[in-house]
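Excluded from the calculations below are hydrogen atoms, water molecules and symmetry mates; all remaining heavy atoms, backbone and side chain alike, are included.
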Amino acid sequence: MDNRIPWPQYFMSIAYLVAERSTCLRRKVGALAVKDKRILATGYNGAPAGLTHCLELGCLREKLGIPSGQRHELCRALHADQNVIIQAAIHGVSIEGADIFCTTQPCILCAKMLINCRVRAIYFAEGYPDEMSREMLDEAKIPYSRLEKPADA
């Protein structure tokens with residue numbers, strides 16, 4: 001009998017570990033692209049490389065009282081899903097056909113990018129208030145589903 005952790009939970013646990021690198025004051029998010037049980041790229045939310053982190057500057061969205069899921073342009077940070085795409089591109093790795101494991105459901109901006117990357121499926125543990133994201137993923141016929149948050153996360 002195989003007592004090992006199932007693959008989906010294994011990858012989601014790693015996404016939570018990646019999230020620990022986040023520099024966001026509101027929500028730590030981690031993501032990874034996986035194909036054939038191999039991790040292709042990882043990403044977490046935070047300011048662009050080399051720029052001052054929100055940990056040091058404070059959160060503009062918090063100061064302005066912007067609710068989660070709204071006015072994404074008023075944020076210094078890139079989302080974890082965006083950083084997965086960027087890291088894969090920088091290193092010349094295609095994520096077409098990959099599964100995305102993200103601690104949080106993709107927002108509409110990330111969903112559109114993942115659709116154009118032709119990912120195979122998206123798995124997330126925590127919801128996000130963005131109905132349009134789910135509608136576009138449905139229209140693109142990209143399956144998405146919620147996985148249980150790992151007990152150790």
Side-chain angles (χ1 to χ4, degrees), residues 7-9 11-35 39-55 57-150 153:
W7 286 107
Q9 285 76 19
F11 291 123
M12 189 58 75
S13 292
I14 293 171
Y16 273 95
L17 181 61
V18 171
E20 290 302 312
R21 291 283 307 155
S22 171
T23 58
C24 180
L25 296 168
R26 291 179 94 175
R27 180 191 307 249
K28 290 183 175 293
V29 181
L32 43 133
V34 175
K35 192 170 185 179
I39 297 171
L40 303 176
T42 66
Y44 53 87
N45 57 330
L51 299 186
T52 306
H53 297 297
C54 300
L55 291 171
L57 287 178
C59 178
L60 176 61
R61 294 172 59 78
E62 196 69 33
K63 288 175 189 167
L64 296 175
I66 298 170
S68 183
Q70 298 179 19
R71 304 291 314 268
H72 298 289
E73 75 279 7
L74 295 177
C75 180
R76 291 182 62 79
L78 290 153
H79 288 184
D81 336 48
Q82 293 169 327
N83 272 324
V84 163
I85 294 166
I86 292 165
Q87 287 305 309
I90 286 172
H91 296 288
V93 176
S94 172
I95 62 170
E96 182 176 355
D99 291 334
I100 302 299
F101 289 84
C102 191
T103 59
T104 303
Q105 174 196 318
C107 72
I108 184 61
L109 300 174
C110 293
K112 291 188 285 187
M113 295 170 82
L114 293 169
I115 290 166
N116 272 5
C117 287
R118 299 184 188 134
V119 300
R120 187 176 75 132
I122 299 169
Y123 302 94
F124 59 89
E126 300 171 31
Y128 192 72
D130 197 330
E131 184 61 33
M132 191 174 198
S133 168
R134 292 184 291 278
E135 290 170 0
M136 290 192 87
L137 291 169
D138 287 339
E139 184 179 345
K141 296 181 177 40
I142 294 177
Y144 56 91
S145 60
R146 195 170 194 161
L147 295 177
E148 287 287 320
K149 182 176 179 179

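Taking NZ of Lys28 as the reference point, atom OG1 of Thr104 lies at 12.0 Å (rounded to 0.5 Å). Ile66 CD1 to Leu74 CG: the interatomic distance, rounded to the nearest 0.5 Å, is 4.5 Å.
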So Val93 and Lys35, side-chain contact (heavy atoms from CB on, under 4.5 Å) or not? Walk me through it.
CA-CA 11 Å; Val93 176; Lys35 192 170 185 179; over 6 Å; no
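Each salt bridge (Lys or Arg N to Asp or Glu O under 4.0 Å) pair with one or both residues in residues 72-89, not counting sequence neighbours, appears once here: Arg71-Glu73. Counting only residues at least two apart or on different chains, the salt bridge (Lys or Arg N to Asp or Glu O under 4.0 Å) pairs with a member in residues 57-67 are Arg26-Glu62. Counting only residues at least two apart or on different chains, the salt bridge (Lys or Arg N to Asp or Glu O under 4.0 Å) pairs with a member in residues 132-141 are Glu131-Arg134.
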Extract all donor-acceptor atom pairs below 3.5 Å that involve side chains of residues 108-121 and protein atoms in other chains or at least two apart in sequence.
residue, atom, partner, partner atom, Å
Arg120, NE, Asp99, OD1, 2.9
Arg120, NH2, Asp99, OD1, 3.3
Arg120, NH2, Asp99, OD2, 2.7

Only distances under 3.5 Å count here; give the side-chain donor-acceptor pairs of residues 39-53 to other protein atoms, sequence neighbours excluded, each with its distance to 0.1 Å.
residue, atom, partner, partner atom, Å
Asn45, OD1, Ser22, OG, 2.7
Asn45, OD1, Val29, N, 2.9
Asn45, ND2, Arg27, O, 2.7
His53, ND1, Thr23, OG1, 3.4

Scan the side chains in residues 13-20 for donor-acceptor partners under 3.5 Å anywhere in the protein, sequence neighbours excluded, and list what turns up.
residue, atom, partner, partner atom, Å
Ser13, OG, Gln9, O, 2.9
Tyr16, OH, Glu126, OE2, 2.7

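Here the shortest heavy-atom pairing between Gly127 and Arg146 reads N-NH2, 3.0 Å. Taking all atoms of both residues into account, the shortest heavy-atom contact from Ser133 to Pro106 is OG-O, 2.8 Å.
Contact annotation: the side chain of Ser68 approaches that of Tyr128 to within less than 4.5 Å [non-hydrogen atoms, C-beta and beyond]. Using a 4.5 Å heavy-atom threshold, the side chains of Asn83 and Arg21 count as separate.
Residues passing the ring-ring contact (aromatic ring centres under 6.0 Å, His included) test with Tyr123 are Phe101, sequence neighbours excluded.
Side chain of Lys149 to backbone of Thr103: no donor-acceptor contact under 3.5 angstrom is found.
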